Amino acid sequence: MKRYKRKLILILFSVVVFVVRTQAQTDSTKNQVVGGFLIMPLEFPVINKTKLNKELNAYGLPSANHPAAAIGIGLQLFINRFITTFSFNKTTRKSDKDTYLTEVEYRSTSFNVGYDLTKNASHSIYPYVGFKGSGLNYLYREKLPDETSMEQYLETDLRYKEITNSRGHLDLGFGVSHQSFYLVNCRIGYLLPLEKVRWNMNNNQTTLGDSPAIRYTYYFTLTLGIGTIVSERQARQHFTSR
């Protein structure tokens with residue numbers, strides 16, 4: 001299974017590199033543009049947590065319901081036909097009940113490079129490849145009713161559980177964007193894991209053995225940004241008219 005995953009990753013990466021190199025060699029009229037945008041991505045992660053939730057429920061703990069969407073910040077750069085993106089997303093979903101509190105945090109860090117298949121500075125259609133680190137933090141804290149005595153509080157053993165997970169992935173995806181002094185960008189990406197699942201505690205100082213599996217599968221992203229992009233033709237017209 002491990003060998004199969006490695007071969008699949010190498011094949012997909014080789015296909016992307018081949019397409020980019022072929023396009024670059026055959027395209028005699030490249031889209032000469034330069035631009036940059038400060039972006040606010042809204043990511044919708046799809047995560048398979050079946051085994052994790054089964055183990056949590058077996059010990060009387062609530063399921064790890066992660067946020068449906070995570071907001072973030074980042075940069076997106078356009079240099080000729082290459083589109084480079086860096087972003088960080090983080091959002092926590094809280095559930096405050098009468099007897100317990102749960103917090104499930106989702107976070108991701110992405111770096112990827114895409115290749116624009118169009119020759120228009122105002123819109124782009126591009127495949128991309130990169131690295132994406134994804135993680136979950138699960139916290140469960142048992143609590144007493146609002147009105148309680150000091151004696152009752154000191155005599156009660158309150159359960160507190162906190163575990164965290166992070167995993168690196170090969171990030172393969174496809175994006176469509178429209179850009180001017182603003183940016184509107186939609187993406188869909190598929191994640192291939194590059195490491196094993198490990199759950200940790202005590203600020204990642206202790207690794208928990210026999211960790212339940214979790215799978216970050218794919219994601220959708222809607223990104224808004226503000227900045228600028230200029231083509232070589234637009235730059236020539238601007239300086240010629242002065």
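The structure presented is a predicted model; accordingly, all values stated were derived computationally and were not measured. Just the heavy atoms: all of them, side chains too, but no hydrogens, waters or symmetry mates, feed the values below.
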Heavy-atom closest pair, residues Thr217 and Ile47: OG1-N, 4.4 Å
Qualifying salt bridge (Lys or Arg N to Asp or Glu O under 4.0 Å) pairs with a residue from residues 33-48, counting only residues at least two apart or across chains: Glu43-Lys132
List for me each residue that meets ring-ring contact (aromatic ring centres under 6.0 Å, His included) alongside Phe131, sequence neighbours excluded, and say none if there are none. none
Of the non-hydrogen atoms in Arg167 and Ile214, which two are nearest, and what is the gap between them? NH1-O, 3.0 Å
For Thr164, give me all partners under side chain to side chain donor-acceptor pair (under 3.5 Å), at least two apart in sequence or on another chain. Arg107
Answer yes or no: is there an ion pair linking Lys90 with Glu105, defined by an N-O contact shorter than 4.0 Å? yes
Phe220: which residues meet the ring-ring contact (aromatic ring centres under 6.0 Å, His included) condition with it, sequence neighbours left out? Tyr218
Contacts of Ile226 that satisfy side chain to side chain contact (heavy atoms under 4.5 Å, CB included) - sequence neighbours left out: none
Sequence neighbours left out, what pairs pass salt bridge (Lys or Arg N to Asp or Glu O under 4.0 Å) with at least one residue falling in residues 44-56? none
NZ/NE/NH1/NH2 to OD/OE distance under 4.0 Å, Asp96 and Lys143: yes
Heavy-atom closest contact (Ala70 atom, Tyr106 atom, distance): CB-CD2, 3.7 Å
For Tyr140, enumerate each residue passing the ring-ring contact (aromatic ring centres under 6.0 Å, His included) test, keeping only those at least two apart in sequence or located in another chain. Tyr100
Apart from Val184 itself, which Ile, Leu, Val, Met, Phe, Trp or Tyr residues share its cluster (side-chain heavy atoms under 4.5 Å, direct or through members)? Phe181, Tyr182, Leu224
Under the rule for side chain to side chain donor-acceptor pair (under 3.5 Å), what residues qualify as partners of Thr85, not counting sequence neighbours? Arg187
Connecting only ILVMFWY residues whose side-chain heavy atoms lie within less than 4.5 Å of each other, what is the rest of Ile73's hydrophobic cluster? Leu38, Leu75
Report the residues that fulfil ring-ring contact (aromatic ring centres under 6.0 Å, His included) with Phe111, sequence neighbours left out, ordered by chain and then residue number. none
Using the test side chain to side chain contact (heavy atoms under 4.5 Å, CB included), find all partners of Ser63 that sit at least two apart in sequence or belong to another chain. Asn53, Asn57, Asn65
